[in-house]
Amino acid sequence: MKIAMAAMMACCAMGGISAQAETLAQVRARAPEQEVIYFVLPDRFANGDAGNDKGGLTGDRLVTGFDPASKGFYHGGDLKGLIAHLDYIQSLGASALWVGPIMKNKPVQGPRGHESAGYHGYWITDFLHVDPHFGTDADFDALVKAAHGRGMKVYMDIIINHTADVIQYRGVDGSPPYRSLADYPFSRRGGVGGAPINAGFAGDQDASPANWAKMTQPDFAYAPYVPAGEEKVKNPAWLNDPIWYHNRGDSTFEGESANYGDFSGLDDLATENPRVLAGFIEIYGSWIDRFGIDGYRIDTAKHVNPQFWQSFVPAMQARARARGIPNFHIFGEVATGDYDPALLAGWTRRSGLPAVLDFAFMRAANDAAGGKTGTGELARMVGDDALYAGGAKGAMQLPTFLGNHDAGRFAWFLHEAKPGMSAQEWLARDLLGHAMLLTLRGVPTIYYGDEQGFAGTGGDQSSRQDMFESRVAEFNEGAMVGPAAPDRFTQTHPLYREIAALARLRRATPALWGGATRLRAYDEKPGLFAVSRFDPVTGAEVLVAFNTSDRAITAQVAVEPGSLRFAGLAGACPEAATAPGSVGLSLPAFGYAVCAAIKDK
């Protein structure tokens, strides 16, 4: 896709050289919607220090967690590797780095014969320090300072819902089934017929310290204990006591178990308890104090009671403001595979989360770019944005994405939607989806490796490829979008080049990052989708149009009556409106155009 030279020259001001001239105060003054985010799992990105590959541990992979030939174990990527490749990330057009969890994890867990490692970072034992597999606290400080020196922000991935799987239940082998509040109330040991315990406890909806002081025995559903040798594995030390956990067995992810159950065996914290709330405010407040980070992505946010976020979020915002960070971006994970903005928006209203990851956009963009449906879901988003706290303006802060480390990569979704398509069509559809990501409302979030054509063969472990030379057969043998390149940090891949051009275009065009959206055209079958974006200061119109079909389209599209002449920012744009209020567009198969109305002086 042709990106207009004039637009590219304007965009260059957002690139590496001038970004280095931004003061830290200027970086922090940017609103969340002004960013383009790059999401990376440190273990899979770049190995800057082979000396920490085993995390300072000695033994085989079940002790150290290190096995670069297995997709479920550590591969050696670390914070020094990230620092060494910041130029690559910034040259892609990213202005914010979302770093997967870096806190110290339990190296290996899982049933015998099905073990895997905490390379992903979501099995935390020490909430206060960097995992030695990734480096040191000083390395993280160096990363944040290096990013800030380039005019880039750093967002941390944090977990509050659970810790690593340490607590066990006496007499239970295998996965413990969930035990409900009705059948196993807090007031009886081991069920309604058991001995009375926790006298006077009024239930977990009473958040007063006086009430929770009466919760003294955690064996209402199961008899939890910490195995010998792991009594002090968690940090801060208070986390080692089972009294601070739900202890009700594995979640079914339905009903009350979604809040109270263990997420695949991970120790589920009783976030209703004011001691747990205060503890995590201090834990994550300390990361802001020590490192001056710019935001938090909150894992498994929907599995925590909304009242927790109502207190935690303002506490983090206040801590950030005290550190000189006025636009601290907080966004939670409310995972769903459906187009369900009501579910997502509910968490911004009930819980006070400023933003959530936009799974509705992922569904709509995948269905449209993949040709599974028309563009009706994308059209619905324009109106559905009113559901979010703050309405359409609030929705601008939602991180949008096409795929991720759990559900799978965008290219894989495209392939699954149309397995027999040609390599050329696969690339064209991938480019189309990224054009949607980078020109529609929200905060575009690029999953590492997508810019190199990574596809994978599924979600979870199969979507977490190595950027450096891999020893995992599945990763090396998997199909990729676009031309194969031995250097996975090449800046010549067509996806990298187009994403970089669009990212810079977006950051240089206020209408694209901060402008209201007006629906112009859509179709219930693959075809035309068009919206107008409006400069938040001048009101100037930018028309954005996509062709999701495999045939060229020519159509008239409504515009503002005063938008009479246009400059092409990307794709083929007409020089003038056909008539006041209507412009003619011609788009090739899977093509797009970004056309800026020229205001007469």
Side-chain angles (χ1 to χ4, degrees), residues 2-15 18-19 21-22 26-36 93 95-96 151 326-327 381-383 385-386 388 390-398 400 435-444 501-521 529-546 556-585 592-601:
K2 179 182 177 183
I3 308 293
M5 182 59 68
M8 285 304 301
M9 290 176 67
C11 299
C12 289
M14 306 302 294
S18 66
E22 281 188 283
Q26 289 172 321
V27 173
R28 288 173 169 168
R30 296 197 308 251
E33 59 266 31
Q34 290 181 260
E35 312 303 339
V36 174
S95 60
N327 291 302
M381 283 182 58
V382 179
D385 280 351
Y388 294 93
K393 185 173 177 59
M396 289 183 188
Q397 295 196 8
L398 306 183
T400 50
M436 293 175 177
L437 177 71
L438 287 153
T439 58
L440 298 177
R441 76 97 181 101
V443 189
L502 284 167
R504 292 193 175 98
L505 174 62
R506 179 188 184 86
R507 294 193 64 216
T509 309
L512 296 182
W513 59 255
T517 299
R518 183 171 299 168
L519 180 63
R520 296 301 192 186
F529 176 68
V531 297
S532 289
R533 309 290 309 278
F534 296 91
D535 189 295
V537 175
T538 68
E541 181 174 10
V542 176
L543 180 66
V544 184
F546 310 91
Q556 293 297 130
V557 178
V559 292
E560 295 300 291
S563 297
L564 299 174
R565 296 186 299 117
F566 290 86
L569 301 184
C573 293
E575 293 185 0
T578 309
S582 182
V583 67
L585 285 181
Y592 65 91
V594 182
C595 310
I598 302 171
K599 282 206 166 188
D600 292 327
K601 295 181 180 180

SB check Arg520 Glu560 (cutoff 4.0 Å):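 Salt bridge between Arg520 and Glu560, a charged N being under 4.0 Å from a carboxylate O: yes.
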Exercise: identify the closest heavy-atom pair between [X] and [Y]:
X: Val27; Y: Glu22; answer: CG2-CB, 4.1 Å
X: Ala570; Y: Cys573; answer: O-SG, 3.8 Å
X: Pro580; Y: Leu564; answer: CA-CD2, 4.0 Å
X: Arg441; Y: Thr517; answer: CB-OG1, 4.2 Å
X: Gly93; Y: Val36; answer: O-CB, 3.7 Å
X: Val531; Y: Leu543; answer: O-CD1, 3.5 Å

Residues Val559, Phe566; criterion side chain to side chain contact (heavy atoms under 4.5 Å, CB included); working and verdict: CA-CA 11 Å; Val559 292; Phe566 290 86; 4.2 Å; yes
In Å, rounded to the nearest 0.5 Å, how long is the span from [atom1] of [X] to [atom2] of [Y]?
X: Met396; Y: Tyr388; atom1: CE; atom2: OH; result: 13.5 Å
X: Leu585; Y: Gln556; atom1: CG; atom2: CD; result: 8.0 Å
X: Asp385; Y: Leu398; atom1: CG; atom2: CG; result: 7.0 Å
X: Ile598; Y: Glu575; atom1: CD1; atom2: CD; result: 8.5 Å

For the residue pair [X] and [Y], establish whether any side-chain heavy-atom pair is separated by less than 4.5 Å.
X: Leu512; Y: Val544; answer: yes
X: Leu440; Y: Thr400; answer: no
X: Val594; Y: Val542; answer: yes

For Gln34, side chain to side chain donor-acceptor pair (under 3.5 Å) partners two or more places apart: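 If we apply the side chain to side chain donor-acceptor pair (under 3.5 Å) test to Gln34, skipping adjacent residues, there are no hits.
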Residues in side chain to side chain donor-acceptor pair (under 3.5 Å) contact with Ser563, at least two apart in sequence or another chain: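 Here the qualifying residues are Glu541.
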Parallel, tilted or perpendicular: ring planes of Phe546 versus Phe529, cut at 30 and 60 degrees: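 Judged by the thresholds at 30° and 60°, the geometry between Phe546 and Phe529 is parallel.
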With sequence neighbours excluded, residues passing salt bridge (Lys or Arg N to Asp or Glu O under 4.0 Å) with Glu35: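 Scan of Glu35 (salt bridge (Lys or Arg N to Asp or Glu O under 4.0 Å), adjacent residues dropped) gives Arg30, Lys153.
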Whether Ser582 side chain and Thr578 backbone form a donor-acceptor pair below 3.5 Å: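 No; zero donor-acceptor contacts below 3.5 Å.
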